[in-house]
Colleague: 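My structure is below; once you've seen it, I'll send some questions.
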Amino acid sequence: MIEEQLVRAAQRGDTVAMNDVLDALTPYVGRICGPIALSDGPDAAQEALIAIFRGLRGLENPAAVFGWARAIAVREAVRVARRGQRQQPAELADLPAADDPQLTVDVQDVLRRLSPEHRAVLVLRDLEGMDEQAAAAVLDVPAGTAKSRLHRARASFRKAWRS
Amino acid sequence: MTDWPTIELTDIERFRALAAGVPGAVVTERVLPAEPDRVKSMLADLDVFAEIQADLVSATVLERDGDRVVVLAKGRLGQRARLTGQLRPGWCWLQSRFLIMGMAVAAEPGGGTRVALTGGIRVPGRAAIVPIRVRQESAKSLDRLERLLRA
């Protein structure tokens, strides 16, 4: 966690406090960007941190720094992953339920089958424990879109998994 | 789900991000033909650190608590700066009211060591650097470091 006071000091121009905020945010940003951007994860995390430090002064609620950083990390990870997509876009695969045992089989394989946007939904839901409405807010899509993405995804994912 | 892919950023990648939050800061990077551990240990020595900075004659650690340090830097014109910040192998970020100095080191994929420097005259008390000659000064510091590594 980061103390609100530390974030405020960083916002006031204390660069050593900025360094401390960097130490605190780097693992978190990496945890978000890794599963969404996959092999482009380091690029995504670096670009997310750059956006975070460029925008830190404008953060209105320093207590919400992690939520704010999460939104930036997801946005950058999806953007960098799309830019770096070298293979043909995979057919839309679907997400297994959070408690589905097949999900534990091979996460890497599951993730590779998904688009960056769907990986983002999966990360926000399963890794960050957010509900679909909160995930939709982070992704800046209507709640119904996130919900239907998730819903449509599940059945066909299983189909793909079995085939 | 337990085995989510994780990533770790190098200090160079982290350094670029931190410098991006400091308007006026220019990050100058160079890949040097030396082992990372050797470069890190050289730069962890503040005598070396001072030697490669054009304007410094010495830098002395006054206080240390883990990787947190207070450093007294003396300049060629007799000026003194009390810098605070973080100093550990491969990473240095120091500030005084009027100065910011930063350095990061990471192994370069394919061999060698990437070194990144930034710093300069700080807009007093702010996260900003007066953008005068910062690129040239960092390039000269890297030249000196390269010479020291060859010696």
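The chains referred to below are lettered A, B, ... by the order of the sequence lines, with proteins before strands, and numbering in each begins at 1. The model shown is predicted, which means the values in this text are computed figures rather than measured ones. Both backbone and side-chain heavy atoms feed into the values below; hydrogens, waters and symmetry mates do not.
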Colleague: Measuring heavy-atom distances to chain B, does I32(A) have an atom under 4.5 Å in its side chain, in its backbone, in both, or in neither?
Modeller: neither

Colleague: Thinking salt bridges, do K40(B) and E35(B) make one under a 4.0 Å N-O criterion?
Modeller: no

Colleague: With a 4.5 angstrom heavy-atom cut-off, could you sort out which part of R57(A) is near chain B: side chain, backbone, both or neither?
Modeller: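 R57(A) touches chain B through side-chain heavy atoms alone.
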
Colleague: Which bit of D20(A) comes within less than 4.5 Å of chain B, counting heavy atoms only: side chain, backbone, both or neither?
Modeller: side chain

Colleague: Does the E146(B) side chain pair with the main chain of L32(B), one donor and one acceptor, at a distance under 3.5 Å?
Modeller: no

Colleague: Find the distance between CG (L38(A)) and SG (C33(A)) and round it off to the nearest 0.5 Å.
Modeller: 11.0 Å

Colleague: Less than 4.5 Å to any heavy atom of chain B: does that hold for the side chain of T15(A), its backbone, both, or neither?
Modeller: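 Contact with chain B: backbone and side chain both.
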
Colleague: Do the side chains of V48(B) and L148(B) get nearer than 4.5 Å, heavy atoms only?
Modeller: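 Touching, per the 4.5 Å side-chain cut-off.
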
Colleague: Measure V123(A) against the heavy atoms of chain B and call it side chain, backbone, both or neither at under 4.5 Å.
Modeller: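 V123(A) touches chain B through backbone and side-chain heavy atoms alike.
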
Colleague: Which one wins on heavy-atom pair count under 4.5 Å against chain B: V21(A), L56(A), T26(A)?
Modeller: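 Top count of heavy-atom pairs under 4.5 Å with chain B: T26(A).
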
Colleague: Tell me whether Q136(B) at atom CD has more than 12 heavy atoms from other residues, nucleotides or ligands lying less than 6.0 Å away.
Modeller: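 Atom CD in Q136(B) is crowded, with more than 12 foreign heavy atoms closer than 6.0 Å.
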
Colleague: Heavy-atom cut-off 4.5 Å, strictly under: side chain, backbone, both or neither for L22(A) against chain B?
Modeller: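 The answer is both parts of L22(A).
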
Colleague: Hey, is R88(B) close enough to D11(B) for a salt bridge, meaning N to O under 4.0 Å?
Modeller: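 Looking at R88(B) and D11(B), the cut-off is met.
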
Colleague: If you count heavy-atom pairs under 4.5 Å with chain B, which of N19(A), D14(A), L127(A) comes out on top?
Modeller: N19(A)

Colleague: State whether E51(B) and R144(B) are salt-bridged, where the test is any N-O pair (Lys NZ or Arg NE/NH1/NH2 against Asp/Glu carboxylate O) under 4.0 Å.
Modeller: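 Salt bridge: no.
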
Colleague: Which region of I100(B), side chain (C-beta onward) or backbone (N, CA, C, O), has a non-hydrogen atom less than 4.5 Å from a non-hydrogen atom of chain A, or is it both or neither?
Modeller: side chain

